[in-house]
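The chain is numbered in sequence order, starting from 1.
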Amino acid sequence: MSDPGRGRREGLAPLLAASLPLALFTALPLLALALRPDPAHWLAQLGSEAARRALALTLITSTVSTLLCIALGLPVAYLLARYRFRGRAALDVLVDLPIAIPPVVAGLALLLAFGREGWFGRFLAPAGVRLPFTTAAVVLAQVTIAAPFFVRAARAGFESVDVRLEQAAWTLGAGRWRAFWTVAVPLARPSLIAGALLAWARALSEFGATMMFAGNLPGKTQTLALAVMSLMESDIDTALAVSALSLLLALVALTAARLVARSWRGTGP
């Protein structure tokens, strides 16, 4: 009898060789970025006022936007995972659409919707609420771009939970709402955590929508990504240090998301 495992092992080498060009194409520029800043004064560069303000603003806004992604995305993910209804396909496409469109287009759409003369902005202005070019605009831009990453992961988590477990909770007297929080959410928790980490990483790196809707105002709307663009014109060393820091934060978030997913599956790499 043939050994399936041996066949897989024999096919590994050519697949690794075929995968090498893409891996190198992705890794080499990132390594160039990570190794370019001089470690001797890397932290000193990050201690500059521009870097500190951009880092603080980015961490605060990306955390707030991730919490909003969870609050707004959780019911959408559960709805798509559990129910079949008219318009479901349209909702599914709508949720994923920000991934496909250029972020700058998403920012322009936000501006047209919530700007002073926008569809909703014109009703907010009389109440003294102004969103464009504020810190709140940064959060809204990040939520727009990052929410699909949480919804997709959360939906996969809910789909992996056997619906019969929730039905058993219903028969034992738990309502749908209680069964959702005591059965579905705990069992899908690893996917929810991984999705939140992915959303946080995406919010952390958001650029185009933020630039269009919130602008690039130091201390107010200038996140790490926008700070890199500004610093490239005046302080290349600090720009490189901020870029390396952004890369490190993204790497930590993605690694954490992968570790959570692996622990949930209970499998090796």
Side-chain angles (χ1 to χ4, degrees), residues 46 48-77 91 94-154 192-193 195-231 242-243 245-246 249-250 252-253:
L46 292 178
S48 67
E49 183 180 1
R52 286 188 290 105
R53 289 195 300 180
L55 175 61
L57 180 68
T58 301
L59 292 177
I60 292 172
T61 56
S62 60
T63 300
V64 172
S65 64
T66 300
L67 293 175
L68 285 174
C69 286
I70 295 172
L72 299 175
L74 203 61
V76 177
L91 177 61
L94 183 63
V95 168
D96 284 344
L97 194 57
I99 297 177
I101 63 175
V104 68
V105 173
L108 178 59
L110 286 169
L111 192 60
L112 292 175
F114 297 105
R116 182 176 299 179
E117 300 299 327
W119 284 5
F120 301 103
R122 67 183 64 180
F123 300 108
L124 297 175
V129 178
R130 185 176 67 88
L131 291 177
F133 308 106
T134 65
T135 304
V138 177
V139 173
L140 291 180
Q142 291 174 345
V143 170
T144 300
I145 302 300
F149 293 86
F150 173 77
V151 173
R152 295 179 79 178
L192 303 183
I193 295 174
L197 289 169
L198 291 174
W200 185 79
R202 184 61 189 88
L204 192 78
S205 63
E206 211 301 298
F207 177 86
T210 304
M211 183 69 173
M212 181 64 70
F213 185 47
N216 186 16
L217 307 175
K220 188 175 183 181
T221 67
Q222 188 180 82
T223 58
L224 285 175
L226 294 171
V228 170
M229 184 187 70
S230 297
L231 290 169
V242 171
S243 298
L245 176 62
S246 299
L249 292 173
V252 169

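Annotation: the span from Leu72 atom CG to Leu67 atom CG amounts to 10.5 Å, rounded to 0.5 Å. In this structure, OG1 in Thr144 is found 11.0 Å from CG in Leu97, a value given to the nearest 0.5 Å. To the nearest 0.5 Å, atoms CZ (Phe150) and OG1 (Thr66) are separated by 10.0 Å. In this structure, CG in Leu226 is found 5.5 Å from CZ in Phe207, a value given to the nearest 0.5 Å. Distance check: Leu140 CG to Ile145 CD1 gives 11.5 Å after rounding to the nearest 0.5 Å.
The ring pair (Phe, Tyr, Trp, His ring centres under 6.0 Å) pairs that include a residue from residues 97-144 are Phe114-Phe120, where partners are two or more places apart or lie in different chains.
Scanning for side-chain hydrogen bond (donor to acceptor under 3.5 Å, both in side chains) contacts around Thr210 gives Glu206, with sequence neighbours left out. With sequence neighbours excluded, the residues satisfying side-chain hydrogen bond (donor to acceptor under 3.5 Å, both in side chains) with Ser62 are Trp200. Leu55 meets the side chain to side chain contact (heavy atoms under 4.5 Å, CB included) test with Leu59, Leu224, Leu245, Leu249; sequence neighbours excluded. Taking the side-chain hydrogen bond (donor to acceptor under 3.5 Å, both in side chains) definition, one finds that Thr61 meets it with Gln142, sequence neighbours left out.
Between Ser246 and Leu204, the shortest heavy-atom distance links the atoms O-CD2, 4.4 Å. Here the closest non-hydrogen pair linking Leu192 and Ala154 is CD2-CB, 3.4 Å. Smallest separation of non-hydrogen atoms from Pro132 and Arg130: O-NH1, 3.0 Å.
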Which pairs of donor and acceptor atoms, one on a side chain in residues 211-222, lie under 3.5 Å apart (sequence neighbours left out)?
from   : atom 1 : to     : atom 2 : distance (Å)
Asn216 : OD1    : Gln222 : NE2    : 3.0
Asn216 : ND2    : Ser230 : OG     : 2.7
Thr221 : OG1    : Ala214 : O      : 3.2
Thr221 : OG1    : Gly215 : O      : 3.1
Thr221 : OG1    : Leu217 : N      : 2.8
Gln222 : NE2    : Ser230 : OG     : 3.3

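Considering Thr58, Val143, Thr223 in turn, Thr223 is the only one that fulfils the side-chain contact (heavy atoms from CB on, under 4.5 Å) rule with Val138.
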